[in-house]
Structure formats: C-alpha cells, structure tokens
Amino acid sequence: MVPLADYLVLSAVVFALGLYAVVTRRNGVAILMGIELMLNAANINLVAFNKYAAPGAVQGQIFALIVITLAACEAAVGLALVLAAYRSLETIHVDEINLMRW
Amino acid sequence: MGLAEAAALPWYVELWRAIAGTVLIFSGVAVVAAMFGVLLERKISGWMQSRLGPKHVGPQGLLQTIADTIKLLQKENIVPRNADATIFASAVLVVPLAALLDYVVIPFGTTRWGPLIFRDLNIGVLYFAATSSLVVVGILMAGWGSNNKYALIGGLRSASQMVSYEIPMGLALITVAMLAGSLSTVKIVDAQAGWWYAVEQPLAFLIFLIAAVAEVNRVPFDLVEAESELVAGYFSEYTGMRFALFQLGEYGEMFAMAAMAVTLFLGGWRGPVLPPVLWFVIKLYALIFVFMWVRWTYPRFRIDQLLNFAWKVLIPVGLLNLVVTAFFVMVVHR
Amino acid sequence: MLLDWGYVAIFAIVGTLLAAMPLLVIWLISPRSDYPQKFETYESGVPAIGQAWAQFNVRYYLFSLVFVVFDVEIIYLYPWAVVYRKAGPVAFYDMLVFLAILTLGLVYAWRKGALEWV
Amino acid sequence: MTGEAIAFYGLAAVILVSGLVVVSSPNIVHSAVALVPAFLGITGIYILLGAEFVAGIQVLIYAGAITVLVLFVIMLTEGGTGLRQRQRNEQGPIGASVAVAIAVLLIAGVTHTTWGRGAGTLPAYTPGAIGQSFLGTNLLVFEGTSLVLLVSLIGAIIIARKEE
C-alpha cells in the first residue's frame with residue numbers, strides 16, 4: 001500500500017507549482033489556474049487523510065466537495081473580474097492594473 | 001467482462017480480460033455505431049426523401065461506408081500552416097475517446113453469469129455524465145486549434161450549447177437515480193422489472209432525449225455544424241482519417257446516448273421471449289431511428305432559441321418534475 | 001472497487017492506442033504534397049484575412065458562468081437522490097429548501113438578462 | 001511493486017508533468033488545456049484513495065466545467081495565444097525560490113511526522129454515505145452551499161455584465 005506520506009509529498013509539490021504560477025504570472029487567467037492547482041493540492045490532502053486517519057467517516061470527502069464548490073465559485077467570480085478588468089482597462093495583466101496605486 | 005466476479009483471478013488474466021473487452025467494445029462502436037450508423041443515416045434519409053440512398057457498392061449499398069473509409073485512409077493529412085499543431089492533433093483523440101469511455105457503464109444484456117457490461121461502476125450514472133462532459137473540451141480544442149473562423153465559431157457555439165443542455169440532462173439522470181435509489185446502471189435496469197421508467201417518468205424521458213439530441217449536435221440543434229453557414233463547424237480543417245475519427249466520436253456519442261436512454265428509461269435488456277441482448281439492440285435502433293426521424297422533421301434552431309429553450313423551458317420543467325416526483329415517492333412511501 | 005477502476009484505466013489506455021492506430025496508418029501511407037496553398041486556412045476559397053484568434057462576444061461567458069453554478073448545485077443532488085427512498089420526509093423538505101435557493105438564482109439570472117442572447 | 005504503487009507513481013508523473021506545462025508554458029491556451037490531464041490525474045488519485053464520488057465530481061466540475069470557463073475567458077480577452085505579450089513578471093527567480101522553499105519545508109514536515117492510522121474501513125458505497133451525512137450531520141453544509149452558490153452567481157453576473 002502506498003504510504004500516506006507519498007500522497008502528502010505529491011500534494012506539496014502540486015501546491016508549490018500552483019504557488020509559483022500565482023507569484024510569477026502576469027496574466028490574470030494564468031494566476032487563477034495556479035490557484036486551481038493549489039486548491040486541488042489541498043483536496044488531495046483532505047481525501048488522503050480521510051482514508052488514512054478517519055476511514056470510518058466521509059468528512060474528508062465532504063470537505064473536498066466543499067472545496068470543489070468554492071473553487072467553482074472562485075473561478076466564476078474571478079474570471080468575471082478578469083473580464084471586467086479587460087473591459088475597462090484593456091489589459092488582463094495584473095501588474096498593469098494599477099489604478100489604485102499612487 | 002462483468003461476468004461472475006471471481007475474486008482471485010491472477011492479475012494477468014484480469015489484464016487480458018480488460019484488454020479483450022476494450023478491443024471488443026472499440027471495434028463494436030467503430031463498426032456497428034460509426035460505419036453501420038452512417039449507412040443507416042443515409043438509407044433512412046433517402047427513404048424519408050423518397051430517394052434510394054447509397055446503392056452501388058455491395059448489395060443494396062451495404063459496403064458503402066467501408067469504401068468511404070478506404071477512401072479516407074488514402075487522403076492527405078493536412079495541418080493548416082496557421083494552426084496550433086499540438087492542440088490540432090490531440091483534439092482528434094480527445095473527442096472519440098470521451099465518447100468511447102461512455103460505453104464502460106452500459107449494460108448490453110444479461111447472461112447466466114450476470115449482466116453483460118464492461119464494468120458495473122458504483123457511480124455509473126455520474127460517470128456517464130462526467131465522461132460525456134469531456135467532449136466539450138475536445139471540441140473547444142479542435143475549434144481553437146484550427147485557427148479558422150468557422151471552426152472557432154462552431155466550437156464556441158457547440159461548447160455553450162453542450163454545457164447548457166448538460167443541466168437538464170443531469171436533472172433527468174437524478175430523477176431516475178432517485179427512483180431507483182442507486183447510481184449503478186445495472187441496479188437501475190433491475191429496478192425497472194415492473195414498469196419502465198419511460199412510463200413512470202415520461203417527462204424525464206422526453207427531457208433526456210431532447211438533451212441527448214442537443215449533446216450530440218444533431219438537427220434541430222446542429223447549428224454547430226450548420227453546413228450552410230459554418231461549413232463543417234469545429235472540424236472544418238480536418239482531412240482524411242482525422243475527419244473520420246471525429247465522425248467516430250460523433251456517432252459513438254449518439255449511440256452511447258441512445259443506449260443510455262434505453263438503460264435508464266426503456267428497461268435496458270428486459271423484454272419477453274427474445275434473448276436480452278436482442279431486446280437491447282431492438283430498443284437501441286428504435287431510438288436511433290427516432291433521432292434520424294427528428295433530423296428530417298424539424299428545421300434548425302437559431303442560437304438564441306436554442307439557449308432559451310434549455311434555460312427557460314427544459315431546466316424549470318426538469319426542476320419541477322424532480323420536485324413532484326420526489327413528493328409522490330414520499331407520499332407513496334408513507 | 002479498485003479492480004473496477006483498473007478496468008476503466010486499461011479501457012482508457014487501450015482505447016487511446018486503438019484510436020491513434022489509424023493516425024499511424026495514415027502517417028505511413030497517406031500522400032504528401034508541398035503545394036503551399038493546401039496549407040492555407042480554409043475560408044470558402046477566399047484568402048483568409050487575419051487570424052481566427054480574435055475576441056469573441058461576452059455572451060458565451062455569461063452562459064457558461066450560469067452553467068458552472070448550476071452544475072455544482074446538481075452534484076449535491078446525486079448523493080441526495082441515492083438515499084432519498086430510505087430517508088424520511090425530512091429529505092424532501094431539505095431538497096425543497098435547496099432547490100428554492102437554486103431557483104432564486106435562476107430567477108435572478110433570468111430577470112437580469114443573463115439568459116438573453118442579445 | 002504492487003499495482004496500486006504503479007498506478008500512484010504513473011498518475012503522479014502525469015500530474016507533475018502537466019502541472020509544469022500549466023505553470024511554465026508561454027502559450028496561455030496550452031496552459032489551460034494542460035489543466036485537463038492534471039485534473040484527470042488527480043481524479044485517479046481520488047480513486048486510489050477510495051473516493052469514487054469525489055472523483056466523478058472532479059471530472060464533471062474541474063475538467064468539464066472550469067476548464068471550459070477558463071478557455072472561454074482566454075478567447076474573450078487575449079483572443080490568441082498570448083505569445084506576443086510577456087507572460088512572466090520580474091519576480092521569476094524570487095517566486096521560484098519561494099515555491100521551492102515551501103515545497104521543501106512541506107515535504108520535510110510531512111516525511112518527519114509520524115501519522116496516526118485511524119481504525120475502521122471506508123464505506124463501500126461513498127455516494128450513499130455522503131448522502132446520509134448530508135441529511136444528518138452535514139445538513140447545514142448541504143443548504144449552505146446553495147446559498148454560497150446563489151451569492152457567487154449574483155456577484156459574477158453583476159461583475160461580468162455590461163453596464164447599461
């Protein structure tokens with residue numbers, strides 16, 4: 001059987017990949033894709049802990065479902081924000097969206 | 001395949017069983033659904049328009065599609081200069097594969113050793129919904145990868161149409177799953193030992209059929225391909241065998257939808273006298289005939305009518321149907 | 001259960017290989033030409049102007065936005081449907097509240113014209 | 001090596017390779033398309049962990065819905081591949097080192113902890129178990145999600161619609 005630590009290491013690496021995208025990408029959509037990867041990494045953890053630490057219940061899986069729900073909401077609202085920014089500022093590169101900076 | 005669940009088969013036997021089942025289903029879909037389906041479509045179209053259809057290759061034109069396939073094999077394989085080669089090439093595999101994956105959960109019949117199904121998954125119905133939603137990604141990839149205006153418009157239209165009709169289809173699936181108390185397709189067929197769900201749930205059946213026609217982009221919902229305005233929609237740029245693979249995906253998806261409708265609403269393989277597999281095939285082809293009949297009966301929708309129909313008719317009706325059914329189930333049970 | 005999904009995995013892998021086989025065949029036998037106009041984008045015979053990769057209308061986004069929200073709502077109904085027959089009337093009222101809130105969303109989207117193709 | 005281990009390492013390879021494409025491809029559409037194999041690989045991981053239902057949802061929502069949404073927005077804004085614009089800001093080296101540092105820290109953390117094993121076995125039929133808990137202990141979750149979804153639907157429509 002694959003040990004729990006392997007799943008956690010996998011999720012840590014996926015999380016780091018997502019973080020890298022969030023920190024270095026300029027494109028708003030690409031940043032959102034990085035966030036999706038990070039949420040997925042968290043989900044791997046939740047489901048893995050469900051199996052290894054509390055197999056009798058399905059709490060971990062339900063938590064993962066909630067995270068998926070919130071990820072969908074985040075994608076819908078986040079991408080709507082990107083569209084709105086594109087419409088008024090004609091750019092989706094977050095470092096060019098600096099109206100509020102002085 | 002899903003026959004007697006022998007617990008302790010050695011792993012290589014399981015592996016070979018799985019590979020053999022896959023090859024069987026793949027060739028079945030390629031020959032029965034795609035090749036024979038195209039022929040049937042042309043014959044029935046001909047019959048409805050008082051003409052003969054293909055006639056010259058083989059007896060009564062039976063070998064027409066084989067001749068077409070051989071022709072397509074010899075065609076040149078063109079990748080447009082402006083296209084995105086990676087996405088253009090991989091879309092070809094995504095669409096037929098997503099259609100093929102549907103067949104994993106379809107019970108084709110039953111034998112002495114148990115139902116004839118590739119695998120009776122616990123989440124069968126959900127699996128079906130999930131795999132058929134993957135087709136959208138393949139279509140968007142094809143439309144965008146071609147870098148062709150017709151293809152991209154076709155892909156975008158197709159995507160918004162298919163996602164819109166996924167919701168009513170999901171509502172119909174949930175209504176059936178609620179009545180049967182299970183997501184497994186075999187259990188759903190078993191639950192129809194008394195009445196078919198088409199009799200108990202005519203509305204859900206209708207919603208499923210309409211959504212199925214829309215999901216496979218057929219007339220009257222074919223404005224994705226709309227040959228008079230968009231050439232061939234998302235596969236305008238595909239030639240030869242790649243075009244044939246898209247056809248395989250399309251017909252495979254159509255037969256999968258019809259087979260799922262048979263499983264969920266028409267009692268699957270159930271029927272008197274005749275062997276179960278034959279019953280399944282009869283019902284399947286009856287539904288396929290209905291699809292083709294609809295094709296020559298209704299004109300094409302406009303995109304606003306199409307989306308309005310999904311969001312303002314089918315979804316409210318589906319929701320209402322779900323609530324009313326749930327209410328009756330509760331009353332009957334008390 | 002893992003055995004079931006092992007079968008599905010093999011189905012996916014073998015299916016991909018089988019679907020890729022005709023592509024290999026045409027790579028081996030299909031004719032090739034270097035006639036440059038064959039590789040032009042097809043636009044009914046007229047030379048294509050510009051790229052297809054231009055911007056499209058926001059309407060497509062509004063529909064997919066409403067779709068994502070409803071798709072998520074529907075996934076919560078699957079587990080509910082499985083247990084409904086065994087559960088008491090509580091399950092019915094739960095679902096009613098759930099769907100009432102969902103319907104509010106539909107009505108809002110309808111009233112605000114997110115479902116209009118204009 | 002058992003079948004489970006082979007499956008796990010195969011899936012991990014798929015996830016990591018496509019994840020790398022997602023974060024590093026200069027072509028934004030390639031990034032978005034590469035999300036699909038990454039999500040499908042994670043689906044496989046859920047199945048290995050006995051969470052069939054979550055796996056189905058993962059394909060339906062992530063691969064079938066969110067990817068489509070992302071592709072739509074790319075086509076609506078950038079229109080093309082994004083190759084003409086610079087995709088990366090000037091924080092590349094810092095970002096990389098932060099990501100690597102966090103990965104190392106997390107990996108060191110999880111490998112040096114002894115994780116307790118819970119007793120019991122997973123329920124054989126996860127959709128049923130999840131449904132039961134939605135009607136019992138997690139009732140509020142069930143109703144709450146629809147509220148969250150309603151709010152985000154309203155918010156997203158307000159933001160995305162053109163103002164009259």
Side-chain angles (χ1 to χ4, degrees), chain B residues 14-15 18-19 22-23 26 73-82 92-93 96-97 100-101 104 118-119 121-122 126 147-149 151-152 156 160 163-164 166-167 170-171 174 177-178 181-183 231 236-237 240-241 244-245 303-304 307-308 311-312 315 319 323 326-327 329-330 333-334, chain C residues 1 3-8 10-12 14-16 18-20 22-23 25-27 29-33 38-44 48 51-53 56 60 63-64 66-67 70-71 74 77-78 80-86 89 91-92 95-96 99 102-103 106 109-110 115-118:
Chain B
E14 294 281 5
L15 183 66
I19 292 176
T22 313
V23 173
F26 186 88
L73 268 175
Q74 302 167 0
K75 290 282 177 187
E76 207 176 324
N77 195 12
I78 298 172
V79 181
R81 196 181 317 112
N82 286 332
V92 173
L93 288 179
L97 195 66
L100 275 174
L101 277 172
V104 169
F118 186 73
R119 272 285 139 176
L121 299 177
N122 276 337
L126 177 61
N147 195 357
N148 174 321
K149 284 155 199 158
L152 186 53
L156 284 172
S160 50
V163 298
S164 295
E166 257 173 51
I167 308 284
L171 288 172
I174 285 169
M178 183 185 71
S182 174
L183 295 177
V231 191
S236 293
E237 289 286 2
M241 212 55 210
L245 277 177
I303 188 156
D304 57 329
L307 292 170
N308 271 346
W311 287 100
K312 297 184 177 172
I315 291 176
L319 282 172
V323 172
F327 181 72
V329 168
M330 184 182 72
H333 264 244
R334 289 314 113 193
Chain C
M1 185 204 91
L3 185 66
D4 283 344
W5 289 99
Y7 269 68
V8 176
I10 289 167
F11 189 99
V14 176
T16 316
L18 286 173
L23 295 179
V25 173
I26 52 165
W27 185 70
I29 68 167
S30 77
R32 289 179 178 79
S33 72
K38 278 206 168 171
F39 301 96
E40 286 295 328
T41 302
Y42 175 77
E43 222 159 84
S44 308
Q51 300 246 329
W53 293 333
F56 279 87
Y60 289 108
F63 277 97
S64 56
V66 184
F67 154 71
F70 275 76
D71 211 23
I74 276 186
L77 290 176
Y78 279 103
W80 167 85
V82 172
V83 295
Y84 181 69
R85 292 206 95 133
K86 292 180 212 105
F92 178 73
M95 188 270 290
L96 218 52
L99 286 185
L102 166 69
T103 315
L106 187 64
W110 195 329
L115 305 179
E116 304 291 339
W117 186 271
V118 278

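All values below come from the heavy atoms of this structure, side chains included, with hydrogens, waters and symmetry mates left out. Lettering follows sequence order; numbering is per chain, from 1.
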Heavy-atom proximity to chain C below 4.5 Å, by part of V23(B): both
Approximate separation, where rounding is to 0.5 Å, of M330(B) CE and M95(C) CE: 9.0 Å
V25(C) side chain reached by M241(B) side chain, heavy atoms, under 4.5 Å: no
Heavy-atom closest contact (A326(B) atom, Y84(C) atom, distance): O-OH, 2.6 Å
Looking only at non-hydrogen atoms, find the nearest pair between R85(C) and M178(B) and report the distance. CG-O, 3.5 Å
Taking all atoms of both residues into account, what is the closest heavy-atom pair of L102(C) and L319(B), and its distance? CD2-CD2, 3.9 Å
Chain B: which of I26(C), T103(C), L99(C), V8(C) shares the most heavy-atom pairs with it under 4.5 Å? I26(C)
Find out whether F26(B) and F11(C) are in side-chain contact, i.e. whether some heavy atom of one side chain is under 4.5 Å from a heavy atom of the other. no
Side chain / backbone / both / neither for L97(B) at chain C, heavy atoms under 4.5 Å: side chain
Nearest heavy-atom neighbours spanning D4(C) and L121(B): CB-CD2, 3.7 Å
Can you tell which part of L101(B) gets under 4.5 Å to a heavy atom of chain C, answering side chain, backbone, both or neither? both
What heavy-atom pair brings A19(C) and L245(B) nearest, and what distance separates the two atoms? O-CD1, 3.6 Å
Residue V66(C) versus chain B: region with a heavy atom under 4.5 Å: both
I'd like to check the ring-ring contact (aromatic ring centres under 6.0 Å, His included) partners of F67(C); sequence neighbours left out, ordered by chain and number. none
Best-contacting candidate, L307(B), V104(B), I315(B), against chain C by heavy atom pairs under 4.5 angstrom: L307(B)
Toward chain B, the part of I29(C) with a non-hydrogen atom under 4.5 Å: side chain
So, using ring-ring contact (aromatic ring centres under 6.0 Å, His included) as the criterion, who are the partners of Y78(C) when residues are at least two apart? none
Mind checking the CD1-CD1 spacing from I74(C) to I174(B)? Nearest 0.5 Å is all I need. 5.0 Å
Contact part of L18(C) toward chain B, heavy-atom cut-off under 4.5 Å: side chain, backbone, both or neither? both
Y7(C) (side chain) donor-acceptor with F118(B) (main chain) under 3.5 angstrom: no
What part of L77(C) gets closer than 4.5 Å to chain B, counting heavy atoms only: side chain, backbone, both or neither? both
If you compare all heavy atoms of F70(C) against all heavy atoms of I167(B), which two are closest, and at what distance to 0.1 Å? CB-CD1, 3.5 Å
Nearest 0.5 Å, please: how far is CG in L106(C) from CH2 in W311(B)? 7.5 Å
